[in-house]
Amino acid sequence: MAVVMKGSEVANAMKEKMIKEVEALKAKGIAPTLGIVRLGARPDDLAYEKGAVKRCETVGIGSKVFEYPEKITQAELIDEINKINADKTIHGILLFRPLPKHIDENVIKYVISPQKDIDCLNPVNVAKVFEGDESGFAPCTPTAVVEMLDFYNISLEGKRVVVVGRSLVVGKPLAMMLLKKNATVTICHTRTRNLQETCRNAEILIAAAGKAKMVTGDFIPKGGVVVDVGINLDENGNLCGDVDYQAAEGIASHITPVPGGVGTVTSSVLAKHVIKAASAF
Ligand code: NDP
């Protein structure tokens with residue numbers, strides 16, 4: 001049976017380190033604070049917000065929610081974000097997406113200050129990920145994947161890693177981060193031919209397709225590491241990943257569960273990024 005890579009174990013290890021870092025910052029008169037920008041009150045956003053606020057709280061990071069009506073105009077939103085950019089008591093900004101249709105994310109992404117852009121929305125930070133420059137902020141979910149592999153001592157050096165998914169939120173930046181760690185990375189997507197075979201030949205398989213249980217036993221590398229980034233609902237309305245967990249656990253050497261895997265680490269990475277932003281103040 002595969003070793004289960006638990007998000008809670010990774011998050012706990014990160015927590016201890018972060019508590020000390022926050023204490024050190026507070027001793028210097030800096031109280032790290034997350035600013036959450038939310039338009040309207042979508043249940044998904046509220047659930048993520050609750051988790052992020054709680055995770056920050058447990059390590060001593062403050063948070064402030066900036067809630068605006070869904071009907072806010074683009075110009076008003078730009079003004080509000082500029083005010084938060086200038087606010088010295090807020091160190092990191094998390095903007096919930098998708099934005100309402102009348103607001104152009106391609107405009108807004110440039111407005112968030114790169115120094116406060118803790119989830120890598122601003123193209124300056126995206127470019128840094130592609131350049132292998134770690135001075136910016138990589139997106140939280142790909143960073144959570146790297147944190148998990150690192151915690152479980154899974155080396156990436158020279159490994160054949162297959163990433164299924166090429167979104168700018170997960171697949172593409174993750175591939176760049178793995179490349180930076182000297183993995184040999186293959187990125188797969190809906191037009192990939194021989195997907196099963198490509199996945200099966202990986203040493204580390206990372207699924208970020210957003211398709212419930214599409215990675216069946218036939219995709220799983222024997223004795224390989226399987227990381228499941230997907231968060232989906234199955235036919236019974238239960239949370240599940242992209243990987244057929246039951247099939248995979250008998251084939252892989254390591255596997256992340258859903259829920260309780262990558263998603264659990266993502267909010268810890270967010271907290272870590274607030275500390276990084278506050279440290280640069
Ligand atoms: P997107 O829908 O933006 O991208 C999905 C990617 O997967 C696309 O590149 C798509 O290819 C590819 N893909 C979809 N179906 C297949 C298939 N059958 N075969 C091969 N490739 C396929 O999703 P996101 O990247 O935003 O998210 C991916 C998953 O990760 C979702 O389940 C999401 O909920 C989850 N997620 C989890 C987070 C966490 O904290 N754990 C945070 C963010 C997301 P193509 O480009 O060709 O269309």
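All ligand and atom numbering here is 1-based and tracks the order in the structure.
- For atom 11 (O) of ligand 1, a protein non-hydrogen atom is found at a distance below 4.0 Å.
- Shown in contact with Leu195 at under 4.0 Å from a heavy atom are these atoms of ligand 1, numbered in order with element: 19 (N), 20 (C).
- Heavy-atom contacts of Val229 reach the following atoms of ligand 1: 30 (O), 35 (C), 36 (N), 37 (C), 41 (N) (cutoff under 4.0 Å).
- For ligand 1 and Ala208, the ligand atoms under 4.0 Å from any heavy atom of the residue are 5 (C), 6 (C), 7 (O), 28 (C).
- Atoms of ligand 1 found under 4.0 Å from any heavy atom of Thr141 (numbered from 1 in listed order, with element): 38 (C), 39 (C), 40 (O), 42 (C), 43 (C).
- The Thr266 neighbourhood of ligand 1 comprises atoms 39 (C), 40 (O), with distances under 4.0 Å to a heavy atom of that residue.
- Residue Val164 places no N or O, backbone or side chain, under 3.5 Å from any N or O of ligand 1.
- Among all non-hydrogen protein atoms, the one lying nearest atom 4 (O) of ligand 1 is Ser167 CB, 3.7 Å.
- At the top of the distance list for atom 22 (C) of ligand 1, counting protein heavy atoms only, stands Thr190 CG2, 3.6 Å.
- Salt bridge present: Lys17 and Glu21 bring a charged side-chain N and a carboxylate O closer than 4.0 Å.
- When non-hydrogen atoms are compared, ligand 1 lies under 4.0 Å from the side chain of Lys211 (C-beta onward) but not from its backbone.
- The 12-atom threshold is exceeded at NZ of Lys116, counting heavy atoms of other residues, nucleotides or ligands nearer than 6.0 Å.
- Aromatic ring centres of Phe281 and His91 lie closer together than 6.0 Å.
- Atoms of ligand 1 lying under 4.0 Å from any heavy atom of Gly165, numbered from 1 in the order shown and given with element: 6 (C), 7 (O), 9 (O), 12 (C).
- Residue-ligand proximity: Asn232 is placed with a non-hydrogen atom under 4.0 Å from ligand 1.
- Cation-pi contact between Lys276 and Phe137: present, with separation from the ring centre below 6.0 Å and deviation from the ring axis of at most 45°.
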